[in-house]
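To start, the structure under review is shown below, and the notes come after it.
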Amino acid sequence: MYGLWTMVANDLRQRIRDKSVFIFSLIVPLALMGVLSLVFGGLGDDTVDLQPATVVASADDADQLGAALLGAVESLEIMDVTIKRAPAADVRDEMQASGAELGIIIPEEFSDAVLSGQAASVQLVQGSDATLESGVLISVVQGAVDQIAAGTVTAAAGGIAELPHQDLATLAQQAAAGPPLLTLTEGQAAAEQLSPRGTLVAGQAGLFLMFTVGFGVLGLLAEREQGTLARLRSMPVTAGTVITAKACTGFILGVAATTVLLTAGSRLFNVSFGSPLVVAALILCVATAATSLTFVVARLVRTAEQANVAQSILAMVLGIAGGAFFPVQGTGFAATLLDLNPIGAFIRGLGISAGGGTLNDVMGPVAVMLAFAAVGLVISRFLPDWGAQA
Amino acid sequence: MEVAEVTTKDVLDVRGLVRRYGDLTAVDGVSFHIRAGETYGLLGPNGAGKTTIISMVAGLIPANEGSVRVAGLDMTPSETEAKRIIGLVPQELAIYPDLTARENLKFFGRLQGLTGKDLTRRTNEVLELIGLSDRAGDLTKKYSGGMKRRLNIGIGLLHRPALLILDEPTVGVDPQSRNSILESVERLSVEGMAVLYTTHYMEEAERLCDRIAIIDEGRFQAEGTRDQLITLTGGVDRINLRGGGSTSRAAEALSALPAVQHVDSDGAGLMLTVSDGPTALAGIVTGAGDAGMSVTSVEIVRPDLESVFLHLTGKALRD
Ligand SMILES: Nc1ncnc2c1ncn2[C@@H]1O[C@H](COP(=O)(O)OP(=O)(O)OP(=O)(O)O)[C@@H](O)[C@H]1O
Ligand SMILES: [Mg+2]
């Protein structure tokens, strides 16, 4: 343990002293964030500004839940929504006429149907082109309906046939002012909650993490080239300790650089990634995954140049596939593969966290990153041992 | 549980060591042992297998056959106990360029188990010994080649190993530093350290080593003290007398002396083959003068390890 820490401290001292880690892990990515934000231009501020939207709705005014639903839409804080009323049959025409983003058709006796546990469907009609605004509105309605349904299921389970008015009012309130509706879905939709600039910062941080943890492996190869590895082997430390020390160095550098990048990036580009605790957990997990990958690289390459090339290729592939530059989507098997990418999971996790997600909400991405780390470790175990070849 | 035999007299015991690289047998059945306070030399030309032997002795690479025991402990690449006892000075420089000499020493000292005051004290002592005290705070990448070499040696001595292994430590060092390196090795040996020293400079082997193995193509050609090795060549000295006068009468008179085995003459003087040159010298010079030869210069040529190597392998030690 003492030997391990001695080696890690020694490595960190050298890496910090030769300054390349500052250049490649902090200055280059920050510069790149700046350049990319100029290139992709007009990425907007903090969050994307949602335009005022018009919704055409058909509902029975006496229907409490229907009214609550519309109330939730209308009182949305993140955008101005104007609701126009129209009979069910005329909703589409009215939408065309007013250029509305969304049509909502709430069936007659909606409350009764919901409260008695029958199926009741709210029909949504999307405007001629799918805008960000209509997407947001749809997920708001979806969320409200989900919450109404959840509430009534609970009520029904309690054996209450008909809810008193106060309870209806509570339900309606919950639907309207419930916790961030946007976090209800995870995955692709959640990643989109990062503003374009947020995606840029998160993506570049993830991409460069791969380079930064690579300094650990590079240290091992440098030792080989400096001849110090031979001396280390003549000392009372095991080969495993030497490798573990390099991994720790890479991990520590990775965590430090990513933390600085996200902090500096969020200041410079005015984005927020949500709870520091959740972000910290995500950073630790992605650094673990990236470090494990360097174990595999360490077993495969013999020179510093080879390691550089391998590391760059991996960083670019994982970074691009993870959405460091632009969102990447796949279907079927490809989509599964993309989902398993630790950088993708990291960006996804930051999206969830930015939307107000808690530790529980990021368990999916966390699991992906940790599984990736485990697989990397197992693979590197099966590759030939560096100590065997002199 | 097997308890290591700590009372063993041999600090190093090497038996039947073999190391192959593909078709090449770099080390081919080498056995030797070194006692405390003894300096043992491996003398051989480039590619003889010296570094390969040392790499197995220091546990850097595994042996294909044979065993290495250090103070009774098995030495293999995965052993850590035996490695506490040795100090290695690799042939290739093994120092961190982005650290100062002091930082290099402290780092390796810690790994060797030195801590606190002990570490600081030993670091200062070694810096003094290798003459780098006033440059201790400079990054080693700014050092001259010789300074790096000296630091390379210092790191191996830091923890006072029972067995110090030096692989051609003086290559690329100026004569003055070289002398100070040889002096420190001599001093350490006097203090009881066992030393394994490889070189292809026979002067170094002659000066430092109590026993020497002459190695070529992975095999020991001969092993013993310097004098034992020299007797292998027949153990005769040559004395060259230069001068004029009655050289032929002198030749006759000198051949009668018991120590003189053979006398040759050429235009410039006489060349004698003598069993013990230094002892016989006075008598020979007087005898030549008495016989009427005016001697202007005398030279004793003693057989050296170079001649032993030539004798054993038919090759010159240095290329
Ligand atoms: N890693 C290796 N792979 C293949 N062959 C090797 C390897 N290391 C050494 N050899 C070969 O083994 C033989 C002995 O090499 P070694 O380095 O032990 O010689 P040496 O006596 O130390 O020479 P020098 O005086 O030049 O240092 C040489 O023929 C060398 O080419
Ligand atoms: Mg050598």
Side-chain angles (χ1 to χ4, degrees), chain A residues 1-25 215-216 218-246 248-249 253 302-304 381 384-390, chain B residues 19 21 26 51-52 54-62 70 73 75-100 103-104 106-115 119 139-141 148 151-152 155-156 158-159 161 163-165 167:
Chain A
M1 206 46 209
Y2 178 70
L4 178 70
W5 175 239
T6 303
M7 277 191 275
V8 171
N10 188 48
D11 279 345
L12 288 175
R13 171 182 280 162
Q14 289 179 76
R15 294 288 86 76
I16 289 168
R17 200 168 277 174
D18 86 8
K19 304 203 178 51
S20 49
V21 71
F22 288 108
I23 296 170
F24 289 107
S25 304
F215 279 101
L218 288 183
L220 189 61
L221 296 162
E223 301 250 18
R224 192 176 280 152
E225 280 157 25
Q226 276 159 202
T228 41
L229 191 59
R231 200 192 278 279
L232 286 179
R233 281 196 212 147
S234 78
M235 303 217 157
V237 286
T238 62
T241 311
V242 177
I243 298 221
T244 309
K246 300 301 165 197
C248 288
T249 305
L253 288 175
R302 308 229 56 85
T303 65
R381 281 256 125 197
D385 183 18
W386 67 284
Q389 26 205 297
Chain B
R19 173 73 195 197
Y21 290 113
T51 298
T52 310
I54 279 196
S55 300
M56 290 184 280
V57 169
L60 308 186
I61 59 172
V70 180
L73 300 165
M75 175 65 94
T76 64
S78 57
E79 291 298 331
T80 52
E81 276 315 302
K83 288 182 181 174
R84 291 184 195 285
I85 304 170
I86 64 162
L88 172 68
V89 177
Q91 180 171 9
E92 307 292 338
L93 285 178
I95 57 178
Y96 294 104
D98 283 315
L99 297 184
T100 66
E103 286 166 342
N104 267 286
K106 288 205 154 176
F107 170 66
F108 287 114
R110 282 194 189 99
L111 289 189
Q112 285 288 15
L114 292 173
T115 51
L119 179 63
L139 296 185
T140 64
K141 65 180 169 199
K148 289 179 191 166
L151 177 59
N152 197 43
I155 296 169
L158 197 63
H159 61 296
L163 172 65
L164 176 64
I165 305 170
D167 195 356

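In what follows, chains are A, B, ... by sequence order, proteins preceding strands, each numbered from 1. Just so it is clear, the structure is predicted and the values come from calculations on it, not from any experiment.
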query = Is it true that B:E92 and A:R231 have a side-chain N and a carboxylate O under 4.0 angstrom from each other?
reply =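 A salt bridge is absent here (no side-chain N lies under 4.0 Å from a carboxylate O).
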request  = Mark yes or no for whether A:R17, through its side chain, and B:D98, through its backbone, hold a donor-acceptor pair below 3.5 Å.
outcome  =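 Confirmed, A:R17 side chain pairs with B:D98 backbone.
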request  = May I ask you to decide if A:R233's main-chain N or O and B:K83's side chain share a donor-acceptor pair within less than 3.5 Å?
outcome  =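 Between the backbone of A:R233 and the side chain of B:K83 there is a qualifying donor-acceptor contact (under 3.5 Å).
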request  = Please report the closest heavy-atom contact between B:T115 and A:Y2, naming both atoms and the distance.
outcome  =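 Heavy-atom minimum between the residues: CG2-OH, 3.7 Å.
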query = If you take all heavy atoms of B:A94 and A:G227, which pair is closest and at what distance?
reply =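 Heavy-atom minimum between the residues: CB-O, 3.3 Å.
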message = Please determine whether side-chain contact (heavy atoms from CB on, under 4.5 Å) holds for the pair B:T80 and A:T238, giving the CA-CA distance in whole Å, both sets of side-chain angles, and the decisive distance to 0.1 Å.
response = CA-CA 7 Å; B:T80 52; A:T238 62; 3.9 Å; yes
Look up atom [atom1] in [X] and atom [atom2] in [Y], then write down how far apart they are to the nearest 0.5 Å.
| X | Y | atom1 | atom2 | result |
| --- | --- | --- | --- | --- |
| B:K141 | A:Q226 | NZ | CD | 10.5 Å |
| B:Y96 | A:R13 | OH | CZ | 12.0 Å |
| A:S234 | B:L111 | OG | CG | 9.5 Å |

inquiry  = For the interface with chain A, which of B:H159, B:K106, B:E103 has the highest count of heavy-atom pairs at distances below 4.5 Å?
reply    =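 Ranked by heavy-atom pairs under 4.5 Å with chain A, first place is B:E103.
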[X] side chain near [Y] side chain, heavy-atom distance below 4.5 Å:
| X | Y | value |
| --- | --- | --- |
| B:F107 | A:L232 | yes |
| B:L99 | A:Q14 | yes |
| A:P236 | B:E81 | no |

Please look at [X] and chain A and tell me whether the side chain, the backbone, both or neither of the residue comes under 4.5 angstrom of a heavy atom of that chain.
| X | value |
| --- | --- |
| B:L88 | both |
| B:N104 | neither |
| B:I155 | both |

